Colleague: 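I'd like to ask some things about the structure below.
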Amino acid sequence: MVLQSLFRCAVALAHGLGLALGLSPLALAAPACPGPVIRFERLADGVWLLPSEVGDADAANRGVVSNLVLVRQGARWWLLGSGPSPAHGRALACQIRQRFGHAVTDVVSPWARPELVLGQQGLPGARRWAHVEVADAMREQCPGCVARLHERLGAAAADLGPDPIAVPDHLLRGETGRLGPFRWWLLPRAAGRSLTVWRHEASATWVAPGLLAAAPPGDGRDADLALLYSGLLRLAELARVDGPAARWVGEQGGAQRSDAPALQARYWHDLTNAVGAAIELGADESAPAQPLPGWPDAVNRHAWHALNWQRAWRQVETQRFDAAPK
């Protein structure tokens, strides 16, 4: 009898602790979900950040290098992004159900980055949304992108399975609109390559993968840096209505302050000007990237700054060649 009483007390204590931690009764009784363990950071009422690792995809992080955002809207549960693989989608589906007692009903693909959109197959009951231009880009780009991601993941490439690509069939059109609890905008990232930016209307939480990184310098690979710059200025203007209440979620890193788009835009502006000045002085294209005045060492020494310098050099040279008298 004493042992039974102690056992009941222990069960009650564990149940109470689980509820205090925000776990649903389902989570307390259900078997363990597949990994990796997903963190849920509350940003606002009914809004959670599912933070990624910072850096590039590899076997250790299993490709989890793009932030996801989960939003509750009444009986509907929205995911912006779905992760890098069907296996990750299954982990999401299980852990969200265990934590909140609900299934994901709608999943959005903001842009055609495999690390952000290949989890959809692991969420088979959810409606799949994307802008028609993003869906077309996924159809065109994803086969090649999956092959490259497979190489980067190494031993974790089994997460992808035999056919990881699921192109969304609920399509958005136009330059801007509303969907569920969000307002969205379509912005270009490179010629023929667009992405969507999302604003959660009730909390002024903005989600801008592909435009914002964890912090400057940002990742300019496969992008037109002039379009990144103009897109960020557009976002800063759109978010003026929210003032300092605006909060930003980028591709990686935690929630950022209202000035995040303007800060990232300043980096691209200063980088382009510095590269232009170096070209004017006859600097060697193969020379190391120069530090940008006014930016901290953490930015100037970042590996992405060196890559951004090379990309900016090619784009500035091309623009000058195209503009030269024929």
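This is a predicted model, so every value here is computed, not measured.
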Colleague: Taking D56 first and then R221, would you say they form a salt bridge - that is, a charged N and a carboxylate O separated by under 4.0 Å?
Modeller: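 Salt bridge between D56 and R221, a charged N being under 4.0 Å from a carboxylate O: yes.
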Colleague: How many angstroms lie between CZ in R113 and CG in D222, if you round to the nearest 0.5 Å?
Modeller: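 R113 atom CZ to D222 atom CG measures 10.0 Å (nearest 0.5 Å).
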Colleague: Assess whether side-chain contact (heavy atoms from CB on, under 4.5 Å) is satisfied between Q319 and R314, documenting all intermediate values.
Modeller: CA-CA 9 Å; Q319 291 166 3; R314 291 193 296 272; over 6 Å; no
Colleague: Does V117 offer a backbone N or O that forms a donor-acceptor pair with the side chain of Q120 under 3.5 Å?
Modeller: yes
Colleague: Pick one: which of P86, C142, P84, P114 meets side-chain contact (heavy atoms from CB on, under 4.5 Å) with P164?
Modeller: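 The passing option is P86.
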Colleague: Between atom OG of S109 and atom CG of L172, what is the distance when rounded to the nearest 0.5 Å?
Modeller: 10.5 Å
Colleague: Mind checking whether W78 and L70 have side chains closer than 4.5 Å, heavy atoms only?
Modeller: no
Colleague: Please list, chain by chain and in numerical order, all residues satisfying disulfide bond (SG atoms under 2.5 Å apart) with C94, sequence neighbours excluded.
Modeller: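 C33.
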Colleague: Test of understanding: clusters of I, L, V, M, F, W, Y form through side-chain heavy atoms closer than 4.5 Å, transitively. Do V197 and L228 belong to the same one?
Modeller: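 V197 and L228: one cluster.
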Colleague: Say whether, by atom type as modelled, one donor and one acceptor occur between the side chain of Q252 and the main chain of S52 under 3.5 angstrom.
Modeller: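 It does not hold such a pair.
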Colleague: Is the W184-H131 ring centre distance short of 6.0 angstrom?
Modeller: yes
Colleague: What verdict does the side-chain contact (heavy atoms from CB on, under 4.5 Å) test give for L79 and V71, after you've listed the backbone C-alpha separation in whole Å, the side-chain angles of each residue and the deciding distance to 0.1 Å?
Modeller: CA-CA 7 Å; L79 258 180; V71 173; over 6 Å; no
Colleague: Per the ring pair (Phe, Tyr, Trp, His ring centres under 6.0 Å) rule, what does the pair list look like for residues 204-227, sequence neighbours excluded?
Modeller: W185-W206, W206-W248
Colleague: So, are D242 and R199 salt-bridged, with charged N and O less than 4.0 Å apart?
Modeller: yes
Colleague: Which heavy-atom pair separates P168 from A130 by the least distance, and what is that distance?
Modeller: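 Minimum heavy-atom contact is CG-CB, 3.6 Å.
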Colleague: When you measure from the side chain of S85 to the backbone N and O of L160, does any donor-acceptor pair fall under 3.5 Å?
Modeller: no
Colleague: Are D169 and R128 close enough for a salt bridge, meaning some N to O gap below 4.0 Å?
Modeller: no
Colleague: Kindly indicate, with the supporting measurements, whether the criterion side-chain contact (heavy atoms from CB on, under 4.5 Å) is fulfilled by L292 and N300.
Modeller: CA-CA 7 Å; L292 302 182; N300 289 317; 3.7 Å; yes
Colleague: Consider only side-chain heavy atoms of I, L, V, M, F, W and Y, link residues closer than 4.5 Å, and tell whether Y267 and W304 are in one cluster.
Modeller: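 Per the 4.5 Å side-chain linkage, Y267 and W304 are not co-clustered.
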Colleague: Are the side chains of V69 and V47 in touch, meaning some heavy atoms are under 4.5 Å apart?
Modeller: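 A side-chain contact exists here, since the closest heavy-atom pair is under 4.5 Å.
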Colleague: Measuring only between side-chain heavy atoms, which start at C-beta, is E317 closer than 4.5 Å to R320?
Modeller: no
Colleague: What's the shortest heavy-atom distance between L123 and A93, and which atoms?
Modeller: CD2-CB, 3.6 Å
Colleague: So, Q95 side chain and P36 main chain: donor-acceptor pair closer than 3.5 Å or not?
Modeller: yes
Colleague: Do side-chain atoms of Q315 reach the backbone of T272 as a donor and acceptor pair under 3.5 angstrom?
Modeller: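 The answer is no, because no donor-acceptor pair under 3.5 Å joins these two groups.
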Colleague: Walk me through whether V132 and R173 qualify under side-chain contact (heavy atoms from CB on, under 4.5 Å).
Modeller: CA-CA 6 Å; V132 63; R173 300 177 186 275; 3.7 Å; yes
Colleague: Should the ring pair W313 and W309 be called parallel, tilted or perpendicular, given that the plane angle runs from 0 to 90° and is split at 30 and 60?
Modeller: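 Aromatic pair W313/W309 classed tilted.
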Colleague: Give the intermediate values and the outcome of side chain to side chain donor-acceptor pair (under 3.5 Å) for residues Q121 and R90.
Modeller: CA-CA 8 Å; Q121 283 195 22; R90 290 189 289 273; over 6 Å; no
Colleague: Flag the pair M138 / W111 as yes when at least one side-chain heavy-atom distance between them is below 4.5 Å, and no otherwise.
Modeller: no
Colleague: If you measure from the Lys or Arg side-chain nitrogens to the Asp or Glu carboxylate oxygens, is any gap between E237 and R240 under 4.0 Å?
Modeller: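 Salt bridge: yes.
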Colleague: Should we count CD of E53 as having more than 12 external heavy atoms under 6.0 Å?
Modeller: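 Atom CD in E53 is not crowded, with 12 or fewer foreign heavy atoms closer than 6.0 Å.
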Colleague: Is it the case that the side chain of R127 and the backbone of V107 share a donor-acceptor pair, with hydrogens and angles ignored and the cut-off at 3.5 Å?
Modeller: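 No.
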Colleague: Which value, rounded to the nearest 0.5 Å, describes the distance between H200 atom NE2 and L80 atom CG?
Modeller: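 Reported to 0.5 Å precision, the distance equals 9.5 Å.
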Colleague: Main chain of A262, side chain of D259: is a donor-acceptor contact present, judged purely on distance under 3.5 Å?
Modeller: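 Checked: no pair found.
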Colleague: Do L43 and L212 sit in one hydrophobic cluster, given that two such residues count as connected whenever their side-chain heavy atoms are within less than 4.5 Å of each other, even indirectly?
Modeller: no
Colleague: Would you sort out whether E115 and S66 count as a side chain to side chain donor-acceptor pair (under 3.5 Å), showing the intermediate values?
Modeller: CA-CA 6 Å; E115 292 91 337; S66 286; 5.7 Å; no
Colleague: Answer yes or no: is there a side-chain heavy-atom contact under 4.5 Å between V104 and L92?
Modeller: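 With C-beta onward as the side chain, the pair stays apart.
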Colleague: So, taking the atom named CH2 in W268 and the one named CG in D224, what distance separates them when rounded to the nearest 0.5 Å?
Modeller: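 W268 CH2 to D224 CG: 11.0 Å, rounded to 0.5 Å.
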Colleague: Checking R247 against S258: is there a side-chain donor and acceptor pair closer than 3.5 Å?
Modeller: no
Colleague: Hey, any chance L116 and V134 share a hydrophobic cluster, counting ILVMFWY side chains that come within less than 4.5 Å of each other, even indirectly?
Modeller: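 Same cluster.
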Colleague: Would W77 and D106 count as a side chain to side chain donor-acceptor pair (under 3.5 Å) if you check the C-alpha gap in whole Å, the side-chain angles of each, and the deciding distance to 0.1 Å?
Modeller: CA-CA 6 Å; W77 288 73; D106 299 85; over 6 Å; no
Colleague: Are the side chains of I165 and P143 in contact, using a 4.5 Å heavy-atom criterion?
Modeller: yes
Colleague: Given side chains that start at C-beta, do those of D159 and H88 come closer than 4.5 Å, heavy atoms only?
Modeller: no
Colleague: So, using side-chain hydrogen bond (donor to acceptor under 3.5 Å, both in side chains) as the criterion, who are the partners of R139 when residues are at least two apart?
Modeller: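 Checked R139 against side-chain hydrogen bond (donor to acceptor under 3.5 Å, both in side chains); matches are D136.
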Colleague: Quick one: does N61's side chain have a donor or acceptor within less than 3.5 Å of a partner on D58's backbone?
Modeller: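 Yes, because the side chain of N61 sits within donor-acceptor range (under 3.5 Å) of the backbone of D58.
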Colleague: Do the side chain of Q264 and the main chain of P217 share a donor and acceptor less than 3.5 angstrom apart?
Modeller: yes
Colleague: Between E201 and R178, is there a side-chain N and carboxylate O pair less than 4.0 Å apart?
Modeller: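 Salt bridge present between E201 and R178.
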Colleague: Should V316 and L227 be counted in the same cluster of Ile, Leu, Val, Met, Phe, Trp and Tyr side chains packed under 4.5 Å apart?
Modeller: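 Hydrophobic grouping puts V316 apart from L227.
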Colleague: Measuring from atom OG1 of T205 to atom CG of L49, what distance do you get when rounded to the nearest 0.5 angstrom?
Modeller: 10.0 Å
Colleague: Is a side-chain N or O of E251 found less than 3.5 angstrom from the main chain of V65, in a donor-acceptor match?
Modeller: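 Not a single qualifying donor-acceptor pair exists.
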Colleague: Would you compute the distance between atom OG of S203 and atom CG of D45 and round it to the nearest 0.5 angstrom?
Modeller: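 Spacing of OG (S203) from CG (D45) equals 9.0 Å.
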Colleague: Under the side chain to side chain donor-acceptor pair (under 3.5 Å) criterion, do W198 and T196 qualify, and how do the steps go?
Modeller: CA-CA 7 Å; W198 300 77; T196 46; 3.0 Å; yes
Colleague: State, with a plain yes or no, whether a side-chain heavy atom of N67 is found less than 4.5 Å away from one of P209.
Modeller: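 Answer no - side chains too far apart.
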Colleague: Should the pair R39 and W48 be classed as cation-pi, given the thresholds of under 6.0 Å to the six-membered ring centre and 45° from the axis?
Modeller: no
